[in-house]
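Keep in mind that this is a model prediction, so the values were computed, not measured. Residue numbers start from 1 in every chain, and the chains themselves are labelled A, B, ... in the order their sequence lines are given, proteins ahead of strands.
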There are 2 protein chains.
Amino acid sequence: MDNESNLRNERKRGSGVKVVYDILRDEILDLELPPGSPIDEVQLSERFGMSRTPIREALVRLAGEGLIDTLPNRSTMVSQIDFLNMHSYFDALVLMYRVTTQLAAKYHRPEDLEGVRALQAEFADAVEAQDALAMISTNAALHLAIAEAGRNPYFTSLFSRLLNEGRRILRLYYQSYNDRLPRRFVEEHDEIIAAIEARDTELAERLAREHAEQIVGQIQKLLVRGERLDIGL
Amino acid sequence: MDNESNLRNERKRGSGVKVVYDILRDEILDLELPPGSPIDEVQLSERFGMSRTPIREALVRLAGEGLIDTLPNRSTMVSQIDFLNMHSYFDALVLMYRVTTQLAAKYHRPEDLEGVRALQAEFADAVEAQDALAMISTNAALHLAIAEAGRNPYFTSLFSRLLNEGRRILRLYYQSYNDRLPRRFVEEHDEIIAAIEARDTELAERLAREHAEQIVGQIQKLLVRGERLDIGL
DNA sequence: TGTATTTATCTTGTCGACAATAAATATGCA
DNA sequence: TGCATATTTATTGTCGACAAGATAAATACA
């Protein structure tokens with residue numbers, strides 16, 4: 001905390017909002033700020049060593065992405081994860097997996113695949129190390145890189161939002177995530193990347209769909225277990 | 001303008017940002033503020049009779065939706081319409097037409113259709129009156145109502161963004177839009193609504209796809225004509 | 001006269017303070 | 001004691017002012 005507030009005078013003009021936004025966003029997605037946590041403006045302004053104005057602008061951005069909820073004239077807090085409408089989430093996630101992968105097969109340039117392969121290597125390492133947190137974030141980064149190779153900013157931005165939301169959901173259960181099966185994901189990624197490289201849009205789409213449904217099934221299993229274990233719903 | 005600034009003392013606390021946001025958003029989408037228009041904070045604060053702080057928050061929201069671009073420490077202006085990557089737009093638009101209509105057939109409740117029908121009647125009136133602007137906005141409202149009946153907020157919000165963007169594109173050429181053919185759209189809407197009511201998801205999806213492709217083809221024709229007429233590209 | 005450097009201006013980013021609203025607390029009354 | 005009302009407190013929404021960048025203008029120098 002002192003680290004943050006001591007940046008007071010070294011900060012560049014205009015960077016304040018971005019710093020606050022990035023840090024809060026990560027803390028929300030990593031569940032360091034769990035859903036329902038109160039967000040206090042003066043407290044944040046003390047913590048970051050700046051006035052409430054830039055804090056407020058960062059909060060407006062976060063609210064725009066649905067990561068925090070603001071009750072007018074009252075408190076603002078980290079938004080809840082909507083377990084009741086989870087199927088909407090899964091529908092959207094699967095469709096974005098499919099369409100971004102398909103477009104990547106169609107529109108990617110050779111140099112795009114370098115970054116994708118690097119992230120796939122990272123993902124494989126995370127699986128090998130059974131590091132669930134790293135798996136979640138590198139998986140998201142990998143698929144986002146694929147989406148970017150598809151060059152459709154509308155799909156990419158929705159997909160990015162969905163993957164972030166998923167980061168939050170999965171982190172809820174990441175303890176339970178330490179089992180054997182994700183090794184299959186590494187192979188599936190390899191197949192998907194090969195299909196993209198071959199510019200086989202149909203195959204890429206089909207593989208992405210199966211991959212996404214695998215993942216969704218995985219999450220659903222965790223959710224059911226989680227509901228029985230620690231959540232009421 | 002005086003009307004706006006005279007609201008100074010009658011305004012409710014907290015409503016300032018929303019007012020500015022709504023007005024600016026409409027002006028941008030209606031091309032009253034054409035792409036590239038400079039956005040000056042002090043000028044807006046004089047116009048709306050409030051300080052720069054709420055203006056700024058409204059601008060942050062608009063920037064979050066990509067309607068304005070902000071150059072740090074420098075000016076901010078209405079964002080350009082990206083004619084070069086228009087195919088990304090069309091891909092996303094068609095897909096959202098399809099998926100939201102399909103989900104509406106699956107998840108709608110009977111009372112949802114009342115609103116949909118009302119909007120369809122408005123659309124028919126606008127076509128009858130050859131009122132291009134009303135056609136554009138009621139068409140967007142109709143399809144957004146259908147999307148909401150599908151109850152997937154992720155798709156609905158992307159679709160809403162796309163329809164707004166389309167409002168901006170179409171208004172560029174709305175003069176050229178005054179011809180006979182959109183009467184077909186009224187019939188297509190009726191068929192789509194019937195398929196939704198019958199909960200025939202496959203038919204609804206197919207009709208929505210054809211409808212969307214009709215519209216896209218229509219826009220593309222306008223664009224090509226527009227490029228030859230008044231834009232360079 | 002043309003270019004480099006300094007000065008002025010204009011717009012944004014940040015600040016600290018005040019006002020309004022709603023919740024929490026205290027008070028009055030039966 | 002129990003409930004309605006008044007008061008305090010906490011937190012947000014808004015304001016006006018100042019400072020920092022960046023551009024435009026003015027000046028100095030070759």
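Residue B/Ser79 holds its OG atom at 9.5 Å from CD1 of B/Ile39, rounded to the nearest 0.5 Å.
Among the heavy atoms of the strands lying under 4.0 Å from B/Thr76 are primed sugar atoms or P, OP1, OP2 only; no base atom is included.
Closest of all the heavy-atom pairs between B/Leu103 and B/Asn152 is CD1-CB, 3.9 Å. Across all non-hydrogen atoms, the minimal contact from A/Tyr97 to A/Leu163 is OH-CD2, 4.3 Å.
Relative to the side chain of B/Pro54, the nucleotides C/dC15, D/dT14, D/dA17 differ in distance, and D/dT14 lies closest. For B/Met50, whose side chain is taken as the heavy atoms from C-beta onward, the closest listed nucleotide among D/dC15, D/dA17, D/dT12 is D/dC15.
A residue-by-residue look at B/Val42 and A/Arg52 shows that B/Val42 has its nearest nucleotide of DNA chain C further toward the 5' end.
For the side-chain contact (heavy atoms from CB on, under 4.5 Å) with B/Arg47, the qualifying choice from B/Asp40, B/Ile55, B/Ile23 is B/Ile23, the only one to do so. Of the options A/Arg171, A/Arg168, A/Arg25, a side-chain hydrogen bond (donor to acceptor under 3.5 Å, both in side chains) to A/Asp30 is made by A/Arg171 and by none of the others.
The CG atom of B/Leu71 sits 15 Å away from the C1' atom of C/dC10 (whole-angstrom rounding). Regarding B/Glu41, its CD atom lies at a distance of 15 Å from the P atom of D/dT14, rounded to whole Å. Residue A/Met77 contributes atom CE, which lies 16 Å from atom C1' of D/dT12 at whole-angstrom precision. Going from atom CD of B/Glu46 over to atom C1' of D/dC15 covers 15 Å, rounded to whole Å. Spacing between atom CG of A/Leu44 and atom P of D/dT12 amounts to 9 Å, rounded to whole angstrom units. Atom C1' of nucleotide D/dT12 and atom CG of A/Asp40 are separated by 10 Å, given to the nearest angstrom. A straight line from CZ of A/Phe48 to P of C/dT14 spans 14 Å, rounded to a whole angstrom. The separation between B/Leu59 atom CG and D/dT14 atom P is 14 Å, rounded to whole Å.
Side-chain N/O atoms of B/Thr53 include none lying less than 4.0 angstrom from OP1 or OP2 on D/dT14. Taking 4.0 angstrom as the limit, B/Ser51 places none of its side-chain polar atoms (N or O) nearer than this to OP1 or OP2 of D/dT14.
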For nucleotides 19-22 of chain C, give me every protein contact, N/O to N/O, under 3.5 Å, one pair per line with atom names.
{"unit_1": "C/dA20", "atom_1": "O4'", "unit_2": "B/Arg13", "atom_2": "NH1", "d": "3.3"}
{"unit_1": "C/dA20", "atom_1": "N3", "unit_2": "B/Arg13", "atom_2": "NH2", "d": "3.3"}

Checking B/Asp26 against B/Arg167 for the salt bridge (Lys or Arg N to Asp or Glu O under 4.0 Å) test, could you report, in this order, the C-alpha distance in whole Å, the side-chain angles of both residues, the deciding distance, and whether it holds?
CA-CA 10 Å; B/Asp26 276 340; B/Arg167 199 169 136 196; 3.3 Å; yes
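Within the structure, salt bridge (charged side-chain N to carboxylate O under 4.0 Å, His left out) contacts touching residues 149-158 of chain A (residues at least two apart or in different chains) are A/Asp112-A/Arg151.
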